[in-house]
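The next block holds one structure in the form of structure tokens; read it before the comments.
One-based numbering, in listed order, for ligands and for the atoms of each.
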Amino acid sequence: MAPVTVITGGGRGIGAATARRLAHAGHHLALGYRRDHAAAEAVVAELHAIGVRAVAVPADTRDPDRVAALFDAAEEFGPLTGLVNNAGVTSPIGPLTELRLDDLREVVDVNLVGYVLCAQQAARRMTAGGGIVNISSVAATLGGPGEYVHYAAVKGGTDALTVGLAKELAPRGIRVNAVAPGIIRTDIHALSGQPDRPERAAGRIPLGRPGEPDEVAAAIAWLIGPDASYTSGAVLRVGGAL
Ligand code: NAP
């Protein structure tokens, strides 16, 4: 039976690149998104052309009912086997003293509460084992000083969620891992007020350039796939040695 995987934030960036990779590996896919319906539908059209079943579902991961609807849509394709917990946001770059309460709450709600709600749904529905990959960040260990300490703190939470859930779900044959990207060329930097951040940061990345979404997707696809059958509780850094 073909694997069936939910990708949150599958319409753009790392999530969309992961959808393409997993479709080539034969996964049927349910892609969640928040606002950008056209982007998500365009990715679904590409997935159909690859030959898998796919659907785009408006599913703000802060809303438990929409999260449940996303997983219901995936189960139309067969028993759920995978979750890529990817939908994430940043906020304007700056020192912690300037952080606005609304921005802090949004970062916590999307990047932590949303991840937990999705992991809960996945864990309840994966009755015959499966794989979860949480998208963390190198910020979890670097700390993001002067830029986004609150985001780094939440991504540290992603790593703890990964380790704990890996142990809790191992007896049920569910593996849980994380990928921690460095600075990747996606639209997320525009949200933080610095669309050209990847290029400007290149000088401090040991490999000398920002990463591409597909380079992160490759790691996600490996961790969720059968070649990682004994890998669980790992946080895999994909950051050009950052
Ligand atoms: P992106 O290009 O901005 O795409 C974000 C995706 O998440 C979009 O599909 C967006 O939906 C969706 N999304 C945002 N908030 C959502 C919500 N509340 N509910 C449901 N979907 C939501 O971001 P990205 O760079 O690919 O980031 C993906 C993940 O990688 C995030 O967890 C991020 O923290 C992490 N990461 C990124 C980098 C980087 O440099 N890019 C580095 C480290 C970690 P819409 O299209 O509808 O807006």
Side-chain angles (χ1 to χ4, degrees), residues 6-20 29-44 56-67 69-71 83-91 93 103 105-118 133-142 144 147-148 150-159 161-162 178-202 205 209-217 219-220 235-240 242:
V6 165
I7 304 177
T8 63
R12 296 189 289 111
I14 292 167
T18 303
R20 293 183 192 101
L29 294 160
L31 310 183
Y33 66 95
R34 178 171 51 174
R35 277 195 282 261
D36 197 337
H37 174 76
E41 286 298 345
V43 177
V44 164
V57 182
D60 190 318
T61 51
R62 295 170 295 186
D63 178 343
D65 294 336
R66 293 311 306 159
V67 168
L70 173 61
F71 282 81
L83 164 65
V84 181
N85 230 341
N86 166 76
V89 292
T90 54
S91 54
I93 278 182
D103 289 331
R105 290 223 158 100
E106 194 188 12
V107 165
V108 174
D109 280 352
V110 179
N111 299 354
L112 184 61
V113 178
Y115 274 39
V116 172
L117 292 176
C118 292
V133 179
N134 296 320
I135 310 310
S136 176
S137 169
V138 294
T141 51
L142 298 178
E147 295 190 315
Y148 38 55
H150 61 302
Y151 170 84
V154 171
K155 290 299 190 181
T158 307
D159 294 355
L161 175 71
T162 300
V179 169
I183 298 175
I184 309 300
R185 224 191 296 266
T186 72
D187 296 341
I188 204 169
H189 306 287
L191 255 185
S192 67
Q194 299 195 353
D196 58 345
R197 183 161 182 266
E199 286 65 36
R200 289 200 293 111
I205 301 169
R209 63 170 179 85
E212 299 298 332
D214 189 52
E215 295 179 289
V216 181
I220 298 168
V235 180
L236 177 55
R237 245 177 144 75
V238 184
L242 253 186

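Among Ile14, Thr8, Ile184, the residue whose heavy atom lies closest to atom 37 (C) of ligand 1 is Ile14. The heavy atom nearest to atom 10 (C) of ligand 1, considering only Arg62, Arg12, Lys155, is found in Arg12.
Here the CD-CD1 distance, from Glu215 to Ile220, works out to 12.0 Å after rounding to the nearest 0.5 Å. Put simply, OG on Ser137 and CZ on Arg237 are 8.5 Å apart, with the number rounded to the nearest 0.5 Å.
The protein non-hydrogen atom at the shortest distance from atom 12 (C) of ligand 1 is Gly9 CA, 3.5 Å. Counting only heavy atoms of the protein, atom 19 (N) of ligand 1 lies nearest to Thr61 N, 2.9 Å. The protein heavy-atom contact nearest to atom 38 (C) of ligand 1 is Gly182 O, 3.8 Å. Ranking protein heavy atoms by distance to atom 44 (C) of ligand 1, first place goes to Ser136 O, 3.2 Å. Nearest protein neighbour of atom 30 (O) of ligand 1, counting heavy atoms only, is Ile135 CG2, 3.3 Å. Asn86 O, 2.8 Å is the protein heavy atom nearest to atom 32 (O) of ligand 1. Shortest contact from atom 27 (O) of ligand 1 to any protein heavy atom: Ile188 CD1, 3.8 Å. Looking at atom 33 (C) of ligand 1, its nearest protein heavy atom turns out to be Tyr151 OH, 3.6 Å.
Defined by atom type and a distance below 3.5 Å, a donor-acceptor pair is present between the side-chain atoms of Thr162 and Asn134.
Within the 4.0 Å heavy-atom criterion, the part of His189 lying near ligand 1 is the side chain and not the backbone. Heavy atoms of Tyr115 found under 4.0 angstrom from ligand 1 belong exclusively to the side chain. Neither the backbone nor the side chain of Ala180 has a heavy atom within less than 4.0 Å of ligand 1.
By the 4.0 Å N-to-carboxylate-O rule, Arg185 lies close enough to Glu199 to be salt-bridged with it.
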